[in-house]
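Note that the coordinates shown come from a computational prediction; the quantities given were computed from them, not determined experimentally.
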Amino acid sequence: MTTLTRPKTDAVAAAPTTLRGPVRVLLRVHRKALWAGAALLVIGIGIVVALRVWMASAKELCADGDITPCGGSVYQPSYARTSTEVFLGDGGTVLLLLAGLIGVFVAGPLIARELESGTFRLAWAQSVSPARWLAARLAVPAALAVVGLTVLIAVYRWGLWALRGYPYSQLPRWYDSGVFPGTGPALLGFALLAVAVGGLCAVLVRRTLLSMSATALVLGTVALGLGGRRYVLWPTVFRQSAGPVKLDSGDWVVDMGRLTESGRKLYWEDCYDYAADPLQDIDACWRDLGAVGHFAEVHPASHYWPLQLVETGILLALAALAVFAAFRVLRRLHG
């Protein structure tokens, strides 16, 4: 006589629904890349700290950073101070490139290489759905990028802070293209966009080198586009006066020229022939054109945060669209 035993319901293992397993596997497989990222983080911090120490140890004779006798007619900053200004003047660009590099890594070694070689099938055969597989490869680099770049932003701002308050300083201005991207949340938005674009290019192209190239091209286009049109992200302040417009040290001048009584704007190109010839009276040209005053359109220093937040919002919206498109493409190709 045989006995049929009903299998225990708890013996049937349910498919895992969290990302914990895929994340552990991902971190273990790409641990060399993690160490490389940690090394870059330490190097970045070390460079800024070294510049601060170098500047602090310079033999400055006066509180204003002068290395000549105080109160004299000559002001000469230390070589350490001027060198620090030069190095930190492009720090934002370096951080932007680092964020883009993260996206290129996501597109190539992290996703496209597995799709190209077919190793993704091993994970999918172990109860890891395609959506969870892709989610892990986007969430891990996104989280690590946000944490690491937040630290670098704080360190970079700390380095720039030491350069303030000195006369004749060549301190990079807050709106400079080499500074602005690396001092606020816009850099984090760009990093998240880089991860999202990398994932989208990888699932679309499914070739390592082509995916990396496409990601670099898209990110470069976005960075150049925003950098060139950043001034339109927030309304400028319009100033006018009978004489030359008075500008503050932190003003970002977007437009400047002369005004007619009707409010028409005149520019130096309108009197180019006079401006090119020092023997000509350019003021006579302005009078002939009806100029009665001066104007300037500026972004004051108080516009720093509105510009940062608007740019961050644009980047996050683009990142969300890229993530949505990546999952749609993956679902269409692999179900």
Separation of D288 CG from C271 SG (nearest 0.5 Å): 8.0 Å
Shared hydrophobic cluster for L204 and L115 (ILVMFWY, side-chain gaps under 4.5 Å): yes
More than 12 heavy atoms from other groups under 6.0 Å of CZ on F324: no
Non-hydrogen side-chain atoms of L95 and P181 separated by less than 4.5 Å: no
Any side-chain heavy-atom pair of D248 and P300 under 4.5 Å: no
L289 side chain near T260 side chain, heavy-atom distance below 4.5 Å: no
Minimal non-hydrogen separation, T208 against E116, with atom names: OG1-OE1, 2.8 Å
What donor-acceptor contacts under 3.5 angstrom involve side-chain atoms of residues 311-321, with partners at least two apart or in another chain?
from: E311; atom 1: OE1; to: R230; atom 2: NE; distance (Å): 2.7
from: E311; atom 1: OE2; to: R230; atom 2: NH2; distance (Å): 3.2
from: T312; atom 1: OG1; to: A186; atom 2: N; distance (Å): 3.1
from: T312; atom 1: OG1; to: Q308; atom 2: O; distance (Å): 2.7

The single option from L34, L27, L26 passing side-chain contact (heavy atoms from CB on, under 4.5 Å) against H30: L26
Considering all heavy atoms, the nearest F105-A33 contact: CZ-CB, 3.6 Å
Stepwise side-chain contact (heavy atoms from CB on, under 4.5 Å) test for I45 and V151: CA-CA 9 Å; I45 296 173; V151 173; 3.8 Å; yes
Audit row: L134, L138, side-chain contact (heavy atoms from CB on, under 4.5 Å) steps and yes/no: CA-CA 6 Å; L134 179 60; L138 295 179; 4.1 Å; yes
Spatial distance of atom CG (L88) from atom CH2 (W161) [nearest 0.5 Å]: 15.0 Å
H294 NE2 to W286 CH2 distance, which is reported to the nearest 0.5 Å: 8.0 Å
pair F190-P185: side-chain heavy atoms closer than 4.5 Å: no
Value rounded to 0.5 Å, distance of OG in S302 from CH2 in W234: 10.0 Å
Backbone of T183 reached by a side-chain donor or acceptor of R157 within 3.5 Å: yes
Minimum heavy-atom distance between I153 and G182, given as atom pair plus value: CG1-O, 3.8 Å
Shortest non-hydrogen separation from V203 to A326 and the atoms involved: CG2-O, 3.9 Å
Shortest non-hydrogen separation from V106 to G199 and the atoms involved: CG1-N, 3.9 Å
Path from L152 to W158 over hydrophobic side-chain contacts below 4.5 Å: yes
Interatomic distance, S117 atom OG to R206 atom CZ [nearest 0.5 angstrom]: 13.0 Å
E261 atom CD, over 12 foreign heavy atoms within 6.0 Å: no
Candidate pair D255 and F295, rule side-chain contact (heavy atoms from CB on, under 4.5 Å), full reasoning: CA-CA 8 Å; D255 201 6; F295 81 92; 4.0 Å; yes
Donor-acceptor pairs are to be reported for all side-chain atoms of residues 212-226 against protein atoms at under 3.5 Å, with residues two or more places apart or in another chain.
from: S213; atom 1: OG; to: L209; atom 2: O; distance (Å): 2.9
from: T215; atom 1: OG1; to: S211; atom 2: O; distance (Å): 2.8
from: T221; atom 1: OG1; to: L217; atom 2: O; distance (Å): 2.8

Heavy-atom side-chain contact between F87 and V48 under 4.5 Å: no
L187 with I43, same ILVMFWY side-chain cluster at under 4.5 Å: yes
Full working for side-chain contact (heavy atoms from CB on, under 4.5 Å) between T236 and Y231: CA-CA 8 Å; T236 57; Y231 63 91; 5.7 Å; no
Joint hydrophobic cluster, V94 plus Y156, side-chain heavy atoms closer than 4.5 Å: no
Taking every non-hydrogen atom, the tightest pair across A322 and V197: CB-N, 4.2 Å
Spatial distance of atom CG (L193) from atom CG (L200) [nearest 0.5 Å]: 10.0 Å
Pairwise side-chain contact, L307 with H299, heavy-atom cut-off 4.5 Å (strictly under): yes
Any side-chain heavy-atom pair of L160 and V179 under 4.5 Å: yes
R258 side chain reached by R264 side chain, heavy atoms, under 4.5 Å: no
R239/D251 salt bridge by N-O under 4.0 Å criterion: yes
Same cluster (ILVMFWY, side-chain, under 4.5 Å), M256 and V292: no
Listed partners of Y175 passing ring-ring contact (aromatic ring centres under 6.0 Å, His included), at least two apart: W252
